[in-house]
Amino acid sequence: MDEEKNRSTILLGVGGGVAAFKAVQLTSSLNQAGFAIHVAMSPAAQKFVTPLSFEAVSNRPVLTVVFPSNPDDNPESVYPHLYPATRADIFILAPATADLIGKIAHGLGNEIVSASALSLPSRCQRFFCPAMNVEMWHQPTVQKNVATLESLGWKRIGPDEGHLACGVVGEGRMTEPERIFEIVLHSQTATGRLDKKRILILSGPTIEPIDPVRFISNHSSGKMGKALAQGAVAAGAHVEFITGPVPDENLPCHDDITISHVTTADSMLAAAQKKYAKADVIIFVAAVADYRPSETNDTKTAKPTELFTLTLTKTPDIAAILNSSKRKNQISIGFALETDGEARAKARKKLVAKNLDAIILNGTDSFGANTGEFTWINGSCDETETHWGKLEKVKCAQNVIQLVSKLLEETE
Ligand code: C5P
């Protein structure tokens with residue numbers, strides 16, 4: 001975490017909403033994770049939570065005014081709207097009230113939070129976490145201002161649906177601090193950038209029905225695909241996510257992730273064919289069943305006799321079919337799971353046969369787990385291998401994204 005401490009300064013702008021109390025927890029989590037976290041509070045925010053709470057969890061004085069009454073000689077105390085704003089790596093507006101969103105969208109800065117937002121350097125990543133009454137949230141002027149911020153590169157987190165402080169149920173709750181923390185953390189650890197790139201990810205297993213009850217499938221939890229999708233959006237991409245059946249908790253969730261659910265290899269191919277041409281990067285992490293029953297019964301097959309023969313037909317090789325029309329500026333990455341001593345040679349063969357730019361080799365220990373043993377095998381002319389060893393799938397995803405962003409740069 002020390003590395004992050006050296007690297008990232010976060011300025012948290014707190015707006016005047018009941019959700020301001022959630023920003024205290026966010027500050028504490030970011031501080032514990034090693035970020036240098038500074039807090040600026042609007043006058044309205046100070047009506048909900050005292051600066052002292054934020055001071056305690058950030059271990060720093062809190063910015064509360066643009067014009068301090070007793071500044072010392074230090075420019076930092078004379079110009080609180082410039083310091084730490086001009087040095088910030090990340091700015092988070094949470095809760096982002098309609099008022100602050102509007103002011104920032106229009107370049108106004110009449111209190112410390114909006115004035116600080118005006119002073120952020122261009123390299124600073126900006127997040128905003130709206131929180132307001134559902135009618136305020138759907139107000140066309142508010143939506144226009146939200147769209148303005150998004151068009152300027154601000155990343156919106158939420159709002160979520162649920163009980164609002166004003167007593168109604170609807171869209172407008174600030175996203176929970178744990179989730180905001182996770183998104184911000186991902187955005188930092190993923191060093192590669194994929195801004196505005198379109199990433200197509202094929203994930204999960206496919207299931208090939210024998211009858212309405214039985215099927216053929218492969219082990220696949222969807223966790224690696226989820227980590228790749230979350231990592232890609234954190235790096236600035238839009239993700240088209242095509243997935244076979246996996247538990248809901250293993251599905252990624254973000255406004256920039258569009259999910260299509262499929263079941264069989266044929267339906268996964270059909271869904272991917274619609275998205276392939278527009279993708280800058282395609283990641284094949286699905287465990288596609290190799291065979292499907294040649295015939296499917298519409299009703300449950302009667303209990304077979306002692307010996308039961310099932311005739312199987314090969315499923316389409318989705319990666320090979322799609323990548324036969326791969327453009328020069330498209331990057332295609334595959335995953336291979338092998339169990340024997342010839343694993344690397346087999347993975348290399350697949351890399352060529354499926355026209356991939358790189359393939360990541362992993363073993364059966366990754367089934368359903370949060371970790372795995374991974375080796376990155378480069379395609380093209382250099383054919384280098386990097387053994388990453390045992391890693392969290394989230395970390396593996398970040399490595400992949402970093403290398404993909406490098407490969408993309410090379411095609412430009
Ligand atoms: O199954 P196999 O070992 O050949 O899979 C290697 C890669 O090819 C994986 O990335 C997998 O998602 C992809 N694949 C595919 N269509 C198949 C089988 C595998 O796209 N029918």
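We count ligands from 1, going down the list as the structure has it; atoms in each ligand are counted the same way.
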Distance in Å, S58 OG paired with L12 CG, rounded so as to fall on 0.5 Å steps: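 Rounded to the nearest 0.5 Å, the OG-CG separation comes to 9.0 Å.
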
Are the charged groups of [X] and [Y] less than 4.0 angstrom apart, N to O?
X    : Y    : result
K350 : E338 : yes
D280 : K196 : no
R179 : D160 : no
E111 : K103 : yes

Atom of M136, atom of V142 and distance for their closest heavy-atom approach: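 In terms of heavy atoms, the two residues are closest at O-CG2, 3.3 Å.
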
Restricting to non-hydrogen atoms, name the atom on P293 and the atom on I210 that form the minimum distance, rounded to 0.1 Å. CG-CG1, 3.6 Å

Could you list the atoms of ligand 1 found under 4.0 angstrom from a heavy atom of [X]?
X    : answer
V288 : 15 (C), 16 (N), 17 (C), 18 (C), 21 (N)
F284 : 9 (C), 10 (O), 12 (O), 20 (O)
K350 : 2 (P), 3 (O), 4 (O), 6 (C)
F335 : 6 (C), 7 (C), 9 (C), 10 (O)

Backbone, side chain, both or neither: what part of P316 comes under 4.0 angstrom of ligand 1, heavy atoms only? backbone

Heavy-atom pairs closer than 4.0 Å: do any link ligand 1 to the side chain of L202, the backbone, both, or neither?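 None of L202 does.
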
In terms of residue, atom name and distance, what is the protein heavy atom nearest to atom 14 (N) of ligand 1? K354 NZ, 3.8 Å

What is the nearest protein non-hydrogen atom to atom 16 (N) of ligand 1, stated with its residue, atom name and distance? I318 N, 3.0 Å

From the candidates G334, A319, S220, the one that places a heavy atom nearest atom 15 (C) of ligand 1: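 It is A319 whose heavy atom sits nearest to atom 15 (C) of ligand 1.
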
Minimum non-hydrogen distance to atom 12 (O) of ligand 1, winning option of A265, G225, S203, A286: A286

Hey, is D290 one of the residues with a heavy atom under 4.0 angstrom from ligand 1?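 Yes, that is the case, since the closest heavy atom of the residue is under 4.0 Å from the ligand.
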
So among I216, T264, T263, which one has a side chain to side chain contact (heavy atoms under 4.5 Å, CB included) with P209?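 Checked I216, T264, T263 against P209; only one passes side chain to side chain contact (heavy atoms under 4.5 Å, CB included): T264.
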
Any N or O of E338 that comes nearer than 3.5 Å to an N or O of ligand 1? no

